[in-house]
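These numbers come from the heavy atoms of this one structure, side chains and all, not from hydrogens, waters or symmetry mates. So that the names make sense, note that chain A is the first sequence line, chain B the second, and so on, each numbered from 1.
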Amino acid sequence: MLDIKLIRDNPDTIKQSLLKKGADCSADIDRIISLDLRRREIIAASEADKAEQNRVSKQIPEIKKSGGDASEVLARLNALKDKVKDAETELRAVGDEYNDLMLKLPNTPDDDLSPGGKENNEPLRYYGEPHKFDFEPHNHYDLCTKLGLIDYQRGVKLAGSGFWIYRGLGARLEWALLNFFIDTHLADGYELLFVPHMLEYQCGLTAGQFPKFTDEVYKISNPTDDRMHYMLPTAEAALASLHREEILTEAELPKKYISYTPCFRREAGTYGSDERGMVRGHQFNKVEMFQFTTPEGSSNAFDELVGKAEALVAALGFHFRTVKLAAGDCSASMARTYDIEIQIPSMNGYKEVSSVSNARDYQARRGAARFKREGAGKTEFMHTLNGSGLATSRILPALVEQNQQKDGSVVVPEVLRKYMGGIEVIK
RNA sequence: GGAGAAGUACCCAAGUGGUGAAGGGGCUCCCCUGCUAAGGGAGUAGGCUGUUAACGCGGCGCGGGGGUUCAAAUCCCCCCUUCUCCGCCA
């Protein structure tokens, strides 16, 4: 959510900024401003009435005590009561529309981002060299099937298209990756959390998925319970709500969290053979990094998270590039996003394996996650940041393809061997 | 799943319709004493929000949301959470 005072004071700046993201919100912003104005008019008028109500009704006990006649005062209070009630009815209607529009406004992008979409993404740096083969490599789908690492057919049997089963050494490789990620983050001082995989609506609202993007998640409803839960599409949705409606002290910040969860996404539609296998499924595993910081601390935290994701990708032996996303390619909630992309030999171009974002105070406003500085009277909103560190769904295919040998075996990266009982080669 | 109880400030806790929501602990400051003690005194409700250049002046607030009433922590309804017991169960 954006700051209404900012919208009120600089509507054109905000409109321009959102336009950079490809979102024309001019009409909504104009409407918000007029609703805000009306909202405040109603509040001012009805609070004056309430103040009088309070003042006058205090006289009643005294009038009664002295045996006087209160009927005139009561009539006045009855009139006030109706007036206040009418004001509240109107305030509710105005407020509902206002809130709805405010929640739908995307975050403003940082000033240094290029406007427009994907095509304006800007590669910032490259690490290592693209992998070269001296033989004709196989794709990961064939390799994983042949080596018995992934059971695609039975995954489909169990849950339909877009699901697979890790098995045997494939499961161990997956588990090794996740453990390697977690151990690295723990060494960096991050706290590990296992969070619920089903969340309530308010989590999605805070993270920014709701009310606009409800179609992308799986919902769960039960016959005897009208509370909706949804399967988390990323641990970010849970972590963004961790300190919702809390006021931390400045000394407690930054809070650095990681969480391993499966991620569930509907991914409606088909993406063609370029993304077959496990590149885009309905369920994948991810270790998520998340930070709550002070406003002045969030830019450094962002660099830290990008650095951590890069280090993991590098440790696994991948060539990668880090890309600064153009405003329009950042998701609605984010002010800034860098993607880390690797090459999967059987596919064209670079594929995202990590996405690190700074939401600034956008999510914190939605969830009222605040902190107080030493000696300060006022609370301030925290900043929230998240990044994949990492998702395995593209790392594992890339790893299998890049590390394949001419004889069809796959070399296990050095850093993963201790998590796989010392196994060096999968064959 | 069934039955019951509870939710008031940092903590404990009083308060069943009417000024400013008791009291205690803790915390902060002061005094006395003089050295990790004891005593005395004072202070200590946050958060959100409207208005204002600011000081200030208002509104809301007793788990959340509705309702009754001139007036609700207090009465009514719905919900959430916690605890106890029973049932079921990895």
Between CZ of A/R366 and P of B/rC48 the distance, given in whole Å, is 19 Å

Do the side chains of A/R266 and A/D215 get close enough for a salt bridge, i.e. N-O under 4.0 angstrom?
no

- Message: Assess whether a salt bridge exists between A/R40 and A/D36, defined as any Lys/Arg side-chain N lying under 4.0 Å from an Asp/Glu carboxylate O.
- Response: yes

Which of A/K255, A/H185, A/Q291 passes side-chain hydrogen bond (donor to acceptor under 3.5 Å, both in side chains) with A/Y190? It is A/Q291

**Message:** Using atom C1' in both nucleotides, what's the gap between B/rG64 and B/rA6 to the nearest angstrom?
**Reply:** 16 Å

Partner of B/rA53 under the Watson-Crick or G-U wobble criteria, both distances under 3.5 Å, comes out as none

Applying the 3.5 Å cut-off to both distances, the Watson-Crick or G-U partner of B/rC83 turns out to be B/rG4

Checklist entry - Thinking salt bridges, do A/R244 and A/E200 make one under a 4.0 Å N-O criterion? => result no

**Prompt:** Does any non-hydrogen side-chain atom of A/F181 lie less than 4.5 Å from one of A/Y260?
**Reply:** no

Taking a pair to mean Watson-Crick or G-U wobble geometry with both distances below 3.5 Å, B/rC60 pairs with B/rG47

Sidechain N-carboxylate O distance under 4.0 Å for A/D361, A/R365:
yes

Rounded to whole Å, the NZ-P distance (A/K50 to B/rG58) equals 16 Å

- Query: Is there a side-chain polar atom (N or O) of A/R39 under 4.0 Å from OP1 or OP2 of B/rU49?
  - Reply: no

**Study point:** Sugar-phosphate only, base, or nothing, as touched by A/L80 at under 4.0 Å among non-hydrogen atoms
**Key:** nothing

With syn meaning chi within 90° of zero and anything else anti, the base of B/rG50 is anti

C1'-based separation of B/rG46 from B/rC10 [nearest Å] = 11 Å

### Message
When the C1' atoms of B/rU82 and B/rC29 are compared, how many Å lie between them, rounded to an integer?
### Response
38 Å

Exercise for the section: Using the P atom as the reference point in each nucleotide, state the distance between B/rA5 and B/rG41 in Å, no decimals. Expected result: 43 Å

Comparing nearest nucleotides in RNA chain B, the 5'-proximal residue of the pair A/I43, A/R370 is A/R370

To the nearest angstrom, the CZ-P distance between A/R244 and B/rC48 comes to 17 Å

Open item on the list: Can you check the distance between B/rC77 and B/rU69, where both ends of the measurement are the C1' atom (answer in whole Å)?
Closed with: 16 Å

Report yes if at least one side-chain N or O of A/T379 is closer than 4.0 Å to OP1 or OP2 of B/rC48; otherwise report no. yes

Identify whether the distance between the nearest side-chain nitrogen and carboxylate oxygen of A/K104 and A/D28 falls below 4.0 Å. no

Exercise for review: Would you kindly check whether a donor in the side chain of A/E47 faces an acceptor in the base of B/rG50, or vice versa, at under 3.5 angstrom?
Suggested key: no

Mind listing the N/O atom pairs, protein and nucleotides 70-73 of chain B, below 3.5 Å?
from   : atom 1 : to    : atom 2 : distance (Å)
B/rC70 : OP2    : A/K81 : NZ     : 3.1

Roughly how far apart, to the nearest Å, are B/rG67 and B/rG61 at atom P? 13 Å

Pairing partner of B/rU69, by Watson-Crick or G-U wobble and under 3.5 Å for both distances, is none

Taking a pair to mean Watson-Crick or G-U wobble geometry with both distances below 3.5 Å, B/rU19 pairs with none

To the nearest angstrom, the OH-P distance between A/Y201 and B/rC80 comes to 19 Å

Rounded to whole Å, CD of A/E246 lies from P of B/rC10 at a distance of 13 Å

**OP:** Please measure how far the C1' atom in B/rG4 lies from the corresponding atom in B/rG87, and state the result in whole Å.
**Re:** 15 Å

**Prompt:** Does the pair A/E88/A/K50 count as a salt bridge with the N-to-O cut at 4.0 Å?
**Reply:** yes

Review point. Taking the inter-plane angle between the rings of A/Y201 and A/F210 on a 0 to 90° scale, is it parallel (under 30°), tilted (30 to 60°) or perpendicular (over 60°)?
Key: parallel

Separation of the C1' atoms in B/rG7 and B/rG65, to the nearest angstrom: 16 Å

| Given B/rU68, is OP1 or OP2 found less than 4.0 Å from the side-chain N or O atoms of A/K85? | yes

Taken to the nearest whole Å, CG/A/D82 to C1'/B/rU69 is 13 Å

Note: for A/N54 and A/E200 on RNA chain B, the residue whose nearest nucleotide lies more 5' is A/N54

